[in-house]
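The structure under discussion appears below in the form of structure tokens.
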Amino acid sequence: MGTLYASGGGAAAADHLAASAGVAMLESGGNAVDAVIAAAAVMAVTSPHMCGLGGDLFAVVARAGAKPVALNASGRAGSGADPERLRAEGARAMPFQHDIRSVTVPGFVDGLLALHVRHAALALTELLAPAQRLAAGGFPVSSSLSTAAAGLEPATLASAFGGPLTQGRRLSAPGVARGLAAIAAAGRAGFYEGEAGAELLAVGGGEFTGEDLTAPNADWVEPLSVAAFGRLLWTAPPNSQGYLALSGAWIAERVGVPEDPAEERWPFVLVEAARQAGHDRIAALHENADGAALLSEERLGPRAAAVGEHASENLADPHAAGGTTAICTVDAEGSGVSLIMSNAAGFGSRLLLPEHGIFLHNRGMGFSLEASSPAEYGPRRRPPHTLTPLVVTDHKGRLDTVLGTMGGDAQPQVLLQLLARVLVHGEDPKDAIGAPRWVLSRDDPTGFHVWEHDGLPIVRLEDGAPAAWARGLERRGYETAQAERGEQVFGHAQLIRVTADGLCAGAADPRSGYGAFVGR
């Protein structure tokens, strides 16, 4: 099946149930924000390996006739955060999983509520109803959830799901249903100051205080923007790494993207653009970073000029101070939302709110333990974040494209390839989403530490990539690795474009195995 078209808006998500819930809100008179709230709530039920009420959220909202706005709903470390204690234990980096110190106060619920208050047209109870129904009555286990759950420790698997999961089994989540009902009835207080919040304090063992939970974790912020490929690209500012997607596109345009994606120089130019954009990510990305300065021509010009015909050496500075999913919605009025929600690693920290069955994310792993770093772990700080929402408009402000992807550090790399395919080569959404990809990799299975090493990364090529890609990259100094069929390191992306006559053209990534673009 090719790209799907719709005249009255649509939603793309990694689970068809979420996309359908979003479109149901459009049918009920809601807008793109209503649709994305309903879809995100469903994803929080059906995809706990990627996201949930215990995770974080970023979004870019482009309302018809208005400048896009960005939402940062990433949580802050608790008041008990103590970097000295971790260093005294011999730690040189933040814990990855199974440690409450990798957990920040979850921002997802605050994010949904902030979206609702500012932009929604429908009642919150109506928007959360599909997710509540699925959580209470049961939903079919997807292939990706059953595969991911097989890697959980037996005790965690039993506590969260009652035992092993098989694809197609009906699974209910009564604790999540209770959490959603509390939010619908009492807003943020129903979650953060209710039963779920009390559980978080208990699990935290002093990491969090009651005051940490009463302070909202959602902020409307000025988006970052850059002109590239004949459009305006919009994303969230730091602590998001979104500036890397914009920087990579700016650099690639100035270097010149080859005309044919199948030719050997095409991945090389984009790999170099991505690496030049991220050369100092470890030092540059923190919650107080100046996003506009990171995108200035004075900064990016020399990076573009440095791209030649051989791999750039030793760009990363290691000594400088997972589980994610994207939802895209567009409505009939030409408004759109790119929303990214995440537990970070698969099932996050693998710590649960036991009475609710809600996994807590591990976004705190993004903090540094270097005492001189502006991203150092500490009370009420936000960690560097991989989540990269992305919206494209024309120069008159009209919505062009809404896109997003999972993929850890690789998110800007995947987005750069999609931008090139749709904006430079004119590919339709289905072809662009389904095309083979490359990602930068290290000898690390998590997908979160690409920029923490010097030397050249390995360029991992997806099954089906043109043979010329490997030849061209290797001739220009890169080591390549051919991925096995079905490897889940290339992101699950969603993309919706608005055509010249106002139709929505959308696609969901086939790599998720369960996603869909649904239109009306």
Side-chain angles (χ1 to χ4, degrees), residues 14 50 144 241-242 244-249 251-252 257 261-262 264-279 281-282 285 311-312 315-316 322-326 340 342 344-346 366 385-388 390 403-421 432-453 455-474 476-495 509-512:
M50 295 191 285
S144 64
Q241 68 169 350
L244 294 180
L246 273 56
S247 301
I251 293 168
V257 179
E264 67 173 39
R265 195 168 174 271
W266 190 84
F268 172 77
V269 167
L270 297 185
V271 165
E272 282 287 287
R275 289 189 61 225
Q276 292 287 349
H279 76 283
R281 180 196 185 279
I282 300 299
L285 182 57
S312 303
L315 287 178
T324 298
T325 194
I340 316 291
S342 177
H385 231 288
T386 60
L387 298 190
T388 305
L390 190 57
L403 67 164
T405 185
M406 65 173 287
D409 285 346
Q411 286 183 42
Q413 302 161 37
V414 173
L415 294 171
L416 176 58
Q417 293 168 75
L418 293 175
L419 289 170
R421 288 186 178 278
I433 286 285
R437 298 171 187 158
W438 56 264
V439 298
L440 304 179
S441 67
R442 301 285 183 178
D443 185 18
D444 167 54
T446 69
F448 288 99
H449 302 289
V450 167
W451 305 111
E452 295 177 11
H453 309 271
L456 293 176
I458 297 169
V459 183
R460 197 158 190 83
L461 303 178
E462 192 170 18
D463 180 64
W469 283 14
R471 291 197 304 268
L473 287 163
E474 289 167 5
R476 290 169 173 82
Y478 281 105
E479 178 184 352
T480 67
Q482 189 66 48
E484 299 289 336
R485 181 183 296 272
E487 279 192 28
Q488 297 295 300
V489 298
F490 297 96
H492 298 164
Q494 327 299 335
L495 191 153
D509 205 314
R511 294 164 183 83
S512 74

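Heads up: numbering here begins at 1 and tracks the sequence.
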| request: Run through Trp266, Tyr478, Phe268 and flag the one making a ring pair (Phe, Tyr, Trp, His ring centres under 6.0 Å) with Trp469. | output: Trp266

| Quick one: does Leu390's side chain get under 4.5 Å of Leu419's, heavy atoms only? | yes

| field | Separation between OG1 of Thr386 and CD1 of Ile340, rounded to the nearest 0.5 Å | value | 9.5 Å

| Derivation of the side-chain contact (heavy atoms from CB on, under 4.5 Å) call for Val459 and Leu440 | CA-CA 5 Å; Val459 183; Leu440 304 179; 4.1 Å; yes

| request: With side-chain contact (heavy atoms from CB on, under 4.5 Å) as the test, would you mind laying out the steps for Leu473 and Leu461 before giving the verdict? | output: CA-CA 10 Å; Leu473 287 163; Leu461 303 178; 4.1 Å; yes

| Criterion side-chain contact (heavy atoms from CB on, under 4.5 Å) on Leu415 and Thr405, from CA distance to verdict | CA-CA 7 Å; Leu415 294 171; Thr405 185; 3.9 Å; yes

| Spatial distance of atom CD (Gln413) from atom CZ (Arg460) [nearest 0.5 Å] | 13.0 Å

| query | How long is the gap from CG on Leu285 to CD on Gln241, to the nearest 0.5 Å? | reply | 7.0 Å

| request: Kindly compute the distance separating CD (Gln276) from OG (Ser312), expressed to the nearest 0.5 Å. | output: 4.5 Å

| Is it true that a side-chain atom of Arg437 and a backbone atom of Gln417 form a donor plus acceptor pair closer than 3.5 Å? | no

| field | Closest non-hydrogen atom pair, Ala262 against Pro466 | value | O-CB, 3.8 Å

| Any donor-acceptor pair under 3.5 Å linking the side chain of Gln411 with the backbone of Gly404? | no

| task | Provide the closest heavy-atom pair for Gly477 versus Leu456 in the form atom of the first, atom of the second, distance. | result | O-CD1, 3.3 Å

| said: Evaluate Thr324 against Leu387 for side-chain contact (heavy atoms from CB on, under 4.5 Å), listing each step before the verdict. | reply: CA-CA 8 Å; Thr324 298; Leu387 298 190; 3.4 Å; yes

| Separation between CG of Asp509 and CE of Met406, rounded to the nearest 0.5 Å | 9.5 Å

| Between Glu487, Glu484, Arg511, which is the residue that forms a side-chain contact (heavy atoms from CB on, under 4.5 Å) with Glu462? | Arg511

| field | For the student: nearest non-hydrogen atoms of Leu244 and Ala277, plus distance | value | CD2-O, 3.2 Å

| message | Restricting to non-hydrogen atoms, name the atom on Pro457 and the atom on Arg275 that form the minimum distance, rounded to 0.1 Å. | response | CD-NE, 3.5 Å

| message | Which heavy atom of Leu418 sits nearest to which heavy atom of Ala432, and what is that distance? | response | CD2-O, 3.4 Å

| request: Can you see which heavy atom on Gly464 is nearest to which on Pro436, and at what distance? | output: O-CG, 3.3 Å

| field | Residues Arg476 and Glu272 bridged, charged N to O under 4.0 Å | value | no

| field | Euclidean distance, Leu416 CG relative to Thr388 OG1, rounded to 0.5 Å | value | 12.0 Å

